[in-house]
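What follows is a single structure, written as structure tokens, with notes after it.
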Amino acid sequence: MLVPEPEIVGCVVRNANPAGCQARVAQQIAAVRQRGTFAAPRRVLILGSSSGFGLAARIQLAFGGGAATFGVAYERAPDAELTGSAGWHNQQAFDHFAESAGLQAQSRFADAFLPQTRQAVLAWIREQWGQVDLLVYSLASGVRVLDDGRRCRAVIKSLHNPLEGWGLDLAAEQLIRQQVMVAAEQEHRDTVTVMGGEPWQQWVLALQQAGLLAPGFHTLAFSYEGPALTHPWYRDGTLGAAKRHLQQTADALRMALRPLQGDARVVMCKALVTRASLVIPFLPVYLMLLMAVMKDKGLHEECPQQMARLFADQLYGPGAPRCDALGRWRLDEFELRPDVQHAVLARLSELTADNFRQLGDYAAMRSELLHQHGFMPIAG
Ligand code: NAD
Ligand code: NA
């Protein structure tokens, strides 16, 4: 089959190279195996399993910890004209390699927000596993269809003042000026509905009501807060509001799971390249500066390294998760180091449309995104 050319629009790659996606999943599996084994929970349900943190978590738990996994993702299948999405090929590749390794892997392409998806997955778990030990919630979506059929859209806007700053266009390979407007009350609510904790809670409570939670059941969801520089457009914006709701959901679930000696946590991750992150205004510019600084200091991480620390080193390894005053687990301590943030700010203050490729790790960021879609790195 002909290798397609990447189709880039803004900071989104719209197609994928199937063979490259498979090779990348194989590479992640090899890295996990090389690191050695640990004792993972036996039966793991992952919502958002086809890319980013969810895929990295699945590979870590299955190939490092021997877990049986059930993955749910919502992706575009290939057809006569289009290659299908990278996540579709990633998930197929995962299933293939898991089966070859004798690991149980069950995958669905379905909308995890819909009650019928929940019912079908619950029925499978009841029949095949009896119970589930861990649920990883890693959905990133711009839309959620509600039970009454209404389509709710997440918007990435400010809650206080309109903002303007540098953005990036990876197709044009240029810095651009971006504006972020103030969200209307309904947009704010809708973003919390899509990216907040309600669907997470629905899954956990449905599993609990069906008697499918194993004693000691754990669940976790990924979040971001970032340094002061990003607060106006992330923490203090609509996405930050959704993440606060996710945190409140973790607190409520922790209470609900007490009788089982269970646990529910939000995990604060670092900013890194995924399909979901690069569509956030201003984030690509911050990220390419952060990547340059963290590489300089030998601190660079992508999803696989974050998930290795979480699962292999901390949760199911010799260490323990780093817990903050709000009960959140933290994997973002290197990003937030004062020396890292000083260096990022220094670079940002010198940034122009002409020097961004030198001040930021522009080429590596672009090739990481292309790589995630199965395309080989292309010099920026
Ligand atoms: P991603 O785009 O790589 O992965 C999103 C996953 O969700 C995919 O598997 C996709 O198929 C799935 N999905 C989307 N809609 C779905 C639906 N309706 N039903 C079923 N599956 C669906 O994104 P990611 O960056 O890995 O994001 C995962 C979580 O991590 C998000 O909560 C995000 O906020 C959080 N996070 C991301 C970053 C970052 O920098 N990327 C940092 C901290 C936290
Ligand atoms: Na994910």
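Reckoned from all heavy atoms, side chains included, excluding hydrogens, waters and symmetry mates. Just so we're clear, the structure is a prediction, and the values are computed from it rather than from any experiment. Numbering of ligands and ligand atoms starts at 1, following listing order.
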task: Look at ligand 1 and say whether G87 reaches it with a heavy atom at a distance under 4.0 Å.
output: no

message: Could you check whether E301 pairs with R309 (Lys NZ or Arg NE/NH1/NH2 to Asp/Glu carboxylate O, under 4.0 Å)?
response: yes

message: I want to know if ligand 1 touches S51 in the polar sense, i.e. an N/O pair below 3.5 angstrom.
response: yes

- prompt: Salt bridge or not for E185 and R189, using N-O below 4.0 Å?
  reply: yes

message: Exactly one of R328, K243, E335 should register a side chain to side chain contact (heavy atoms under 4.5 Å, CB included) with E225. Which one does?
response: R328

- prompt: So, D324 and R330, do they make that salt bridge, N to O below 4.0 Å?
  reply: yes

field: Atoms in ligand 1 with a heavy atom of F113 nearer than 4.0 Å
entry: 18 (N)

message: So Q22 and H96, do their side chains get closer than 4.5 Å, heavy atoms only?
response: yes

query: Does a salt bridge link E302 with R24, judged by any charged N lying under 4.0 Å from a carboxylate O?
result: no

message: Salt bridge check, R265 against D263: does any charged N sit closer than 4.0 Å to a carboxylate O?
response: yes

task: Quick one: sort the W88 and F109 rings into parallel, tilted or perpendicular, breaks at 30° and 60°.
output: parallel

message: Show me which atoms of ligand 1 lie under 4.0 Å from any heavy atom of S277.
response: 39 (C), 40 (O), 41 (N)

- prompt: Would you say A110 touches ligand 1, if touching means a heavy atom closer than 4.0 Å?
  reply: yes

Per-atom contacts, ligand 1 versus D111 - under 4.0 Å to a heavy atom: 17 (C), 18 (N), 19 (N)

task: Pull out every atom of ligand 1 sitting under 4.0 Å from any heavy atom of S138, numbered as shown with elements.
output: 5 (C), 6 (C), 7 (O), 28 (C), 29 (C)

task: Run the numbers for me: atoms of ligand 1, each under 4.0 Å from some heavy atom of S49, listed by number.
output: 9 (O)

task: Identify, by atom number and element, the atoms of ligand 1 in contact range of A112, meaning under 4.0 Å from any of its heavy atoms.
output: 17 (C), 18 (N), 19 (N), 20 (C)

task: Could you check which of F222, F53, Y224, Y137 puts a non-hydrogen atom nearest to atom 38 (C) of ligand 1?
output: F53

statement: Looking only at non-hydrogen atoms, the one of K270, Q91, R58, K243 nearest atom 32 (O) of ligand 1 is K243

query: What are the two closest non-hydrogen atoms of L135 and W203, and how far apart are they?
result: CD1-CB, 4.2 Å

- request: Find all atoms of ligand 1 within a distance of less than 4.0 Å from any non-hydrogen atom belonging to C269, and give their numbers and elements.
  value: 43 (C)

field: C303, portion touching ligand 1 at heavy-atom distance under 4.0 Å
entry: neither

- line: Quick note on ligand 1: atoms under 4.0 Å from a heavy atom of A271 include exactly 40 (O)

query: Is there at least one pair of N or O atoms, one from S223 and one from ligand 1, spaced under 3.5 Å apart?
result: no

- prompt: So which of T274, L139, L55 gets nearest to atom 13 (N) of ligand 1, if we judge by its closest heavy atom?
  reply: L139

query: For the residue pair Y316 and F311, does the interplanar ring angle fall in the parallel (under 30°), tilted (30 to 60°) or perpendicular (over 60°) class?
result: parallel

